[in-house]
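Each chain gets a letter, A, B and so on, in the order its sequence line appears, and its residues count up from 1.
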2 protein chains.
Amino acid sequence: MALPLTDTQVRDCRDRIRAVAEAQFARRGLAATSLRSIAAELGWAPASLYRYFRNKDELLAATRAAALNRFSDRIEAAYAQPGDLWERSRALGDAYVDFAFEQPAAYQLIFALEQADGDKTPALRAAEERSHRTLTGYIEDMVAAGLLEGDPELLGHVYWSAIHGLIVLQMAGKLKPSLPFDTIRHEITRLLTRGALNRLGRAGHID
Amino acid sequence: MALPLTDTQVRDCRDRIRAVAEAQFARRGLAATSLRSIAAELGWAPASLYRYFRNKDELLAATRAAALNRFSDRIEAAYAQPGDLWERSRALGDAYVDFAFEQPAAYQLIFALEQADGDKTPALRAAEERSHRTLTGYIEDMVAAGLLEGDPELLGHVYWSAIHGLIVLQMAGKLKPSLPFDTIRHEITRLLTRGALNRLGRAGHID
DNA sequence: TTGCTTACCGAACAGTGTTTAGTATGCAAG
DNA sequence: CTTGCATACTAAACACTGTTCGGTAAGCAA
């Protein structure tokens, strides 16, 4: 073990480390996974990992990238299947949801979701419920007034998820620069006042 | 300083600590903020914080709860203003967006968003761009086929934000239990095939 | 003055990511 | 076969983290 590793050997080694890391992320959670625990599972010394990754963040980024590429593989394969656009749409949606629920740890890793739930204080829980009640109550008012149709709970989730997503993307500078700064507010206002989502929320199978 | 503090003094102390913590979260980021740095800014010893918070997680939860309550205050105040439902809708939407962009650190704290961006490997960035291209390309196909109308970029963001939000909520067990397990997939399929969002994405002011 | 409760602190402990000096391995050269 | 050498890997340390514990000093009651 003193001659230089080939490129493929290095890549295999990186993949092995990455796999152990992702397994521990899924099993113990991200915060409880240390370089020492990963090295221990490999039967290595902690410092040895630094031959393959510059630091812990780079290892984390590598596992994220691998999970994200698995996700893209599934989506693209589903969308590439034969059929008309409706069928391919359905296959793509199914692939998206299937991946999320078959590999929840990978999905959480991709989107950097914390699975911590035990560190919620009663005060925090109360604040969350209050916020949820406020936003959901608004949707209920809209439904009661006949301005939106469907199940208020589900409708509210779609609603606020979309708005939240727009804000996050705007903050991250991911929206295309040609959009003026206020466009997001206009879009949100239209969401809120036009009932564009009013076909959603009615539970029922598609035909 | 040896006689017991009154309840209000204790609360003031907790608030002072919390304020310093939130300021450091906003300034240096969440990961770079330690109990030692917070104590140092207060001129205290690190151990002293444990008289007011059981541990770091509880301090974090307190700051989260405080920020979330400030958020709810703004939303509720806007929605409680006089006017018809349209006007109150608009006020609520404005309040939501204004808070998010006036206090981005608080918004990120509330929704546990990591502001880390420098730890992105080229490989991870490539994987993200690939995934983004795949999902956006699908929307573009829909628009090209005349099944959706509007700006594909913005439309895609709303689209995937909503779906992502539904999955996260389903994973967290936040969707109401009466909804059968497959309802989320049906809703997503309807999103994908019904063009329910087809009124969105056309840039332009509301009248 | 004595005693006691109490806010606060200094110092330590275990654990983390990371660096550095060093060991031992196995091929290549003499 | 011996020597040299590049190299995969390690042991030990460093600086830092959250957290705990014994101790100190301050102010009130007796």
Side-chain angles (χ1 to χ4, degrees), chain A residues 1-18 20-22 24-25 27-64 109 112 114 116 118-121 124, chain B residues 1-18 20-22 24-25 27-64 109 112 114 116 118-121 124:
Chain A
M1 296 175 179
L3 74 168
L5 297 172
T6 68
D7 283 3
T8 55
Q9 280 175 320
V10 168
R11 232 178 329 115
D12 288 350
C13 229
R14 285 175 57 101
D15 280 348
R16 244 179 74 211
I17 297 171
R18 199 190 32 67
V20 170
E22 184 170 346
Q24 288 201 11
F25 290 155
R27 200 177 339 127
R28 321 181 181 187
L30 203 150
T33 299
S34 65
L35 290 184
R36 282 174 162 84
S37 69
I38 294 170
E41 186 168 332
L42 287 162
W44 282 9
S48 304
L49 301 178
Y50 286 79
R51 296 277 141 177
Y52 301 95
F53 295 96
R54 189 163 313 161
N55 50 35
K56 194 189 183 185
D57 280 342
E58 195 174 298
L59 171 55
L60 179 66
T63 68
R64 262 202 240 275
L109 196 62
E114 300 175 355
D119 57 350
K120 283 189 180 171
T121 295
L124 177 54
Chain B
M1 297 177 177
L3 75 167
L5 297 173
T6 68
D7 284 3
T8 54
Q9 281 175 320
V10 168
R11 233 179 330 117
D12 287 351
C13 228
R14 286 174 56 102
D15 280 348
R16 246 180 74 212
I17 297 171
R18 198 190 34 66
V20 169
E22 185 171 345
Q24 289 202 9
F25 289 154
R27 199 175 343 128
R28 322 181 180 188
L30 203 149
T33 300
S34 65
L35 290 184
R36 281 175 163 84
S37 69
I38 295 170
E41 186 167 333
L42 287 162
W44 281 10
S48 303
L49 301 178
Y50 285 82
R51 298 277 140 176
Y52 301 95
F53 295 97
R54 191 162 312 157
N55 51 35
K56 193 189 184 184
D57 280 343
E58 195 175 297
L59 171 56
L60 180 67
T63 68
R64 262 202 238 274
L109 195 62
E114 300 175 355
D119 58 351
K120 283 188 181 172
T121 294
L124 177 54

So does A/Tyr52 get a backbone contact from the side chain of A/Arg14, meaning a donor-acceptor N/O pair under 3.5 Å?
yes
Ranking A/Tyr52 and B/Asn55 by the position along DNA chain D of their nearest nucleotide, the one closer to 5' is A/Tyr52
Quick note, B/Trp44 side chain, CB onward, closest among C/dT6, C/dC9, C/dT18 is C/dC9
Picking from D/dC9, C/dC8, D/dG18, the nucleotide nearest the side-chain atoms of A/Ser48 would be D/dC9
At a cut-off of 3.5 Å, list every protein nitrogen or oxygen paired with a nitrogen or oxygen from nucleotides 15-17 of chain D, distance to 0.1 Å.
from: D/dT17; atom 1: OP1; to: B/Ser34; atom 2: OG; distance (Å): 3.2

Rounded to whole Å, CG of B/Asp7 lies from C1' of C/dA7 at a distance of 15 Å
B/Ile17 atom CD1 is separated from D/dG18 atom P, nearest whole Å, by 14 Å
### Task
Check whether any side-chain N or O of A/Gln24 sits under 3.5 Å from a backbone N or O of A/Ser37 as a donor-acceptor pair, and report yes or no.
yes
Practice item. Count the heavy atoms of every other residue, nucleotide or ligand shown that sit under 6.0 Å from CZ of B/Arg54, and state whether that count exceeds 12. Key: no
note: A/Leu5, atom CG; D/dA8, atom P; distance rounded to Å ~ 5 Å
Those residues at least two apart in sequence (or on a different chain) that pass side-chain hydrogen bond (donor to acceptor under 3.5 Å, both in side chains) with B/Thr8 are B/Thr6
From CG of B/Leu60 across to C1' of D/dG18 the rounded distance in Å is 14 Å
Rounded to whole Å, the CZ-P distance (B/Arg51 to D/dA26) equals 17 Å
Counting N and O atoms only, with roles assigned by atom type, does the side chain of B/Arg64 sit under 3.5 Å from a partner on the main chain of B/Leu109, one being a donor and the other an acceptor?
yes
Whole-Å distance, B/Gln24 CD to D/dG18 P, equals 11 Å
Side-chain atoms of A/Ala47 come closest, of D/dT19, C/dT20, C/dA7, to C/dT20
Output for pair (B/Phe53 CZ, B/Leu60 CG), nearest 0.5 Å, gives 10.5 Å
Between CZ of A/Phe53 and P of C/dT19 the distance, given in whole Å, is 16 Å
Do A/Asp12 and A/Leu5 have side chains that get closer than 4.5 Å, going by heavy atoms? no
Taking C/dG17, D/dA11, C/dG10 as options, the one with an atom nearest any side-chain atom of A/Ala45 is D/dA11
Atom CD1 of A/Ile38 and atom C1' of C/dT18 are separated, to the nearest Å, by 14 Å
Between A/Pro46 and B/Pro46, the residue closer to the 5' end of DNA chain C by nearest nucleotide is B/Pro46
